[in-house]
Amino acid sequence: EAQVTQNPRYLITVTGKKLTVTCSQNMNHEYMSWYRQDPGLGLRQIYYSMNVEVTDKGDVPEGYKVSRKEKRNFPLILESPSPNQTSLYFCASSLSRGSGYTFGSGTRLTVV
Amino acid sequence: AQSVTQPDIHITVSEGASLELRCNYSYGATPYLFWYVQSPGQGLQLLLKYFSGDTLVQGIKGFEAEFKRSQSSFNLRKPSVHWSDAAEYFCAVGAAGGSQGNLIFGKGTKLSVKP
């Protein structure tokens, strides 16, 4: 089945403890992206990638890192999480600019 | 930079009534335009998309949207709403040129359906 897989689905962590949210797609898509969703703010793009080793900042990149070493994987790294990064995170992938993103099921992160 | 405005935060319609959700965008050229739906506790599902051609586009679940360049709008419509359409709807704009993969979302419109 064609899909975007994120792990974990739920995560509770403490301030300052490094964490990684994994994202993998099996559709050979060129583009991948990370979004966070907060009530009243909609979805805001954190980072996106146009291909292996090509990434760019979205609207809210502060406090996040990404890497794209392989086409299928696009992990999101929080080096030192803070409570304001408590949010619902979505990974997405797309074949091209105009095809639209396919979204994963989301990762609900709580930082205490 | 592109931006998207969804003027209505919450809309309630009766089952069987028609629906129109508004979306206005700001972009220098013709962008890629999308509508997504998010059911409670779920990810986002693509309803339809537009870049060029016929300005009335058909999507899944009986939805359609009309691109109006003069009004910078891309409104979503459905002739007869079903209770299962209750969800949150997001309009999104992507740059046709420049940074690829940069897709900006509106803040969403929550749809409630009355029996």
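Chain naming here is simple, since letters A, B, ... match the order of the sequence lines and numbering starts at 1 in each.
Between B:F90 and A:L43, some side-chain heavy-atom pair lies under the 4.5 Å cut-off.
To the nearest 0.5 Å, atom CZ of residue A:R44 and atom CZ of residue B:F105 are 13.5 Å apart. A distance of 7.0 Å separates OG of A:S94 from CZ of B:F34, quoted to the nearest 0.5 Å. The structure places CG of B:L103 at 12.0 Å from OH of A:Y31, a figure rounded to the nearest 0.5 Å. The distance from atom OG1 of A:T102 to atom CD of B:Q45, rounded to the nearest 0.5 Å, is 10.0 Å.
Ranked by heavy-atom pairs under 4.5 Å with chain B, the first of A:A92, A:G40, A:S96 is A:G40.
No more than 12 heavy-atom neighbours from other residues, nucleotides or ligands sit within 6.0 angstrom of NZ on A:K57.
Screening residues 83-95 of chain B for side-chain hydrogen bond (donor to acceptor under 3.5 Å, both in side chains), with sequence neighbours left out, gives B:K78-B:D85, B:H82-B:S84.
Linking Ile, Leu, Val, Met, Phe, Trp and Tyr whenever their side-chain heavy atoms come within less than 4.5 Å leaves A:V4 and A:V21 in two separate clusters. Both B:I60 and B:V57 are members of a single hydrophobic cluster when ILVMFWY side chains are connected at heavy-atom separations under 4.5 Å. Both B:V113 and B:V37 sit in one connected hydrophobic cluster of ILVMFWY residues. Membership requires side-chain heavy atoms under 4.5 Å apart, directly or through other members.
Residues satisfying the side-chain hydrogen bond (donor to acceptor under 3.5 Å, both in side chains) criterion with A:T15, sequence neighbours excluded, are absent altogether. Residues passing the side-chain hydrogen bond (donor to acceptor under 3.5 Å, both in side chains) test with A:T55: none are found, sequence neighbours excluded.
Among residues 14-24 of chain B, no residue has any heavy atom closer than 4.5 Å to a heavy atom of chain A.
Annotation for A:F90 and B:Q42: closest pair CZ-O, 3.9 Å, computed over non-hydrogen atoms.
Residue contact with chain B, scored on non-hydrogen atoms closer than 4.5 Å, is absent for A:D38. Heavy-atom distances place both the backbone and the side chain of B:L44 under 4.5 Å from chain A. Interface remark: A:E30 contributes no atoms to any contact with chain B (heavy atom separation under 4.5 Å).
Taking the six-membered ring for Trp, B:Y36 and A:F103 have ring centres closer than 6.0 Å.
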